S.K.: 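Sending over a structure as structure tokens; questions will come in a sec.
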Amino acid sequence: MKVVLLGEIKGKGGEGDVVDVAQGYAENYLFPKKLAVAATKGNLKQLEERRNNIEKREAVRLADANALKETLEGKQVTVDVKVGDEGVLFGSVTAAMVADAVKEQLGVEIDRKRVELGKPIKVAGAHEVAISLYRDIRTTVVVLVGVKPEELAAEEEAAEPEAEEATTEETAE
């Protein structure tokens with residue numbers, strides 16, 4: 001069944017796109033939630049008249065997403081959780097916790113559904129987490145779990161001399 005989307009639907013398309021979906025999906029989900037209308041001649045004619053406004057809104061959304069990407073790219077956020085022996089967490093870090101940490105520490109509000117964890121974080125340390133901002137625009141944020149940024153820097157500095165010692169020992173042999 002062909003429908004005209006009234007908003008962005010992940011995996012289907014954006015506002016103003018004419019897509020083919022299953023009839024049950026359209027009638028039971030898209031139409032009641034007012035996410036789409038049937039692609040009739042009248043609705044397609046209205047779509048053509050609204051096309052200019054849709055393109056303007058799309059340009060604004062893309063600009064906002066790119067600005068947000070620049071703001072978030074490579075930033076660090078800390079999630080404070082209880083850590084047991086050997087760096088194993090009591091519980092796990094979820095997408096909602098990452099979204100709350102970004103809002104609190106960076107002042108940027110993102111939807112938890114946009115945080116792409118894959119599976120919950122269950123080990124302390126630094127983890128790169130992808131955030132889908134809009135359609136194909138993604139950014140990554142480093143999430144520090146159970147460690148402070150100062151501790152992480154100290155660990156990296158301690159690891160560097162050990163690596164140098166190992167290379168000097170290999171050359172001596």
Side-chain angles (χ1 to χ4, degrees), residues 5-15 17 19 21-22 24-26 28-30 32-36 58 60-171 173:
L5 299 179
L6 300 177
E8 181 184 357
I9 299 175
K10 190 172 184 176
K12 297 294 179 193
E15 182 181 8
D17 292 347
V19 295
V21 296
Y25 180 61
N28 297 323
Y29 182 73
L30 297 177
K33 292 193 180 261
K34 305 220 183 311
L35 296 173
E58 184 73 15
V60 169
R61 288 180 188 131
L62 286 172
D64 289 346
N66 284 323
L68 194 57
K69 179 180 180 177
E70 294 297 320
T71 304
L72 294 176
E73 189 71 42
K75 298 285 184 178
Q76 290 184 349
V77 294
T78 305
V79 177
D80 193 27
V81 292
K82 287 188 175 185
V83 180
D85 294 338
E86 300 177 14
V88 178
L89 303 182
F90 293 110
S92 62
V93 176
T94 61
M97 293 169 80
V98 173
D100 291 342
V102 168
K103 180 180 178 184
E104 181 180 304
Q105 296 170 26
L106 301 178
V108 177
E109 190 165 342
I110 56 171
D111 186 14
R112 68 176 171 79
K113 295 174 187 169
R114 300 255 180 213
V115 177
E116 298 174 355
L117 272 182
K119 56 186 176 189
I121 299 170
K122 296 185 178 198
V123 180
H127 302 274
E128 284 194 6
V129 175
I131 299 173
S132 173
L133 299 174
Y134 184 72
R135 292 196 179 187
D136 294 336
I137 301 173
R138 287 186 170 74
T139 188
T140 57
V141 175
V142 177
V143 178
L144 303 176
V145 179
V147 294
K148 303 286 184 233
E150 303 85 36
E151 294 173 11
L152 189 66
E155 287 176 13
E156 289 175 358
E157 289 175 7
E160 287 176 13
E162 291 173 9
E164 290 175 11
E165 289 174 15
T167 56
T168 56
E169 288 175 15
E170 290 173 7
T171 56
E173 293 174 7

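Model, not experiment: these values are computed from the prediction. Just so you know, residue 1 is the first one in the sequence shown, and it goes up from there.
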S.K.: Quick one: side-chain contact (heavy atoms from CB on, under 4.5 Å) partners of Asn66, sequence neighbours excluded?
M.R.: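 Partners of Asn66 under the side-chain contact (heavy atoms from CB on, under 4.5 Å) test: Ile137.
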
S.K.: By the salt bridge (Lys or Arg N to Asp or Glu O under 4.0 Å) test, which pairs, at least two apart or in different chains, include something from residues 62-77?
M.R.: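 For residues 62-77: none.
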
S.K.: With a 4.5 Å cut-off on side-chain heavy atoms, are Leu35 and Leu6 touching?
M.R.: no

S.K.: In Å and rounded to the nearest 0.5 Å, what is the CD1 to CD1 distance from Ile131 to Ile110?
M.R.: 3.5 Å

S.K.: Would you give me the side-chain donor-acceptor pairs under 3.5 Å for residues 8-15, sequence neighbours excluded?
M.R.:
residue, atom, partner, partner atom, Å
Glu15, OE1, Arg57, NE, 3.4
Glu15, OE1, Arg61, NH1, 3.3
Glu15, OE1, Arg61, NH2, 3.3
Glu15, OE2, Arg57, NH2, 2.6

S.K.: Between Gly146 and Val81, what is the shortest heavy-atom contact and its length?
M.R.: N-CG2, 4.3 Å

S.K.: Kindly check if the number of other-residue, nucleotide or ligand heavy atoms within 6.0 Å of OH (Tyr29) is above 12?
M.R.: no

S.K.: Kindly write out the residues that satisfy side-chain contact (heavy atoms from CB on, under 4.5 Å) with Ala96, not counting sequence neighbours, or none if the list is empty.
M.R.: Thr94, Arg112

S.K.: Side-chain donor-acceptor contacts of residues 97-107 below 3.5 Å, not counting sequence neighbours, with atom names and distances?
M.R.:
residue, atom, partner, partner atom, Å
Gln105, OE1, Thr78, N, 2.8
Gln105, NE2, Thr78, O, 2.6

S.K.: Enter the distance from Leu68:CG to Glu109:CD here, rounded to the nearest 0.5 Å.
M.R.: 11.0 Å

S.K.: Which atoms form the tightest heavy-atom contact between Ala65 and Tyr134, and what is the distance?
M.R.: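 Looks like CB-CB, 3.7 Å.
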
S.K.: Counting only pairs under 3.5 Å, give me each side-chain donor-acceptor contact of residues 113-130, with atom names and distances, residues two or more places apart or in other chains.
M.R.:
residue, atom, partner, partner atom, Å
Glu116, OE1, Arg138, NE, 3.3
Glu116, OE2, Arg138, NE, 3.3
Glu116, OE2, Arg138, NH2, 3.4
His127, NE2, Val123, O, 2.8

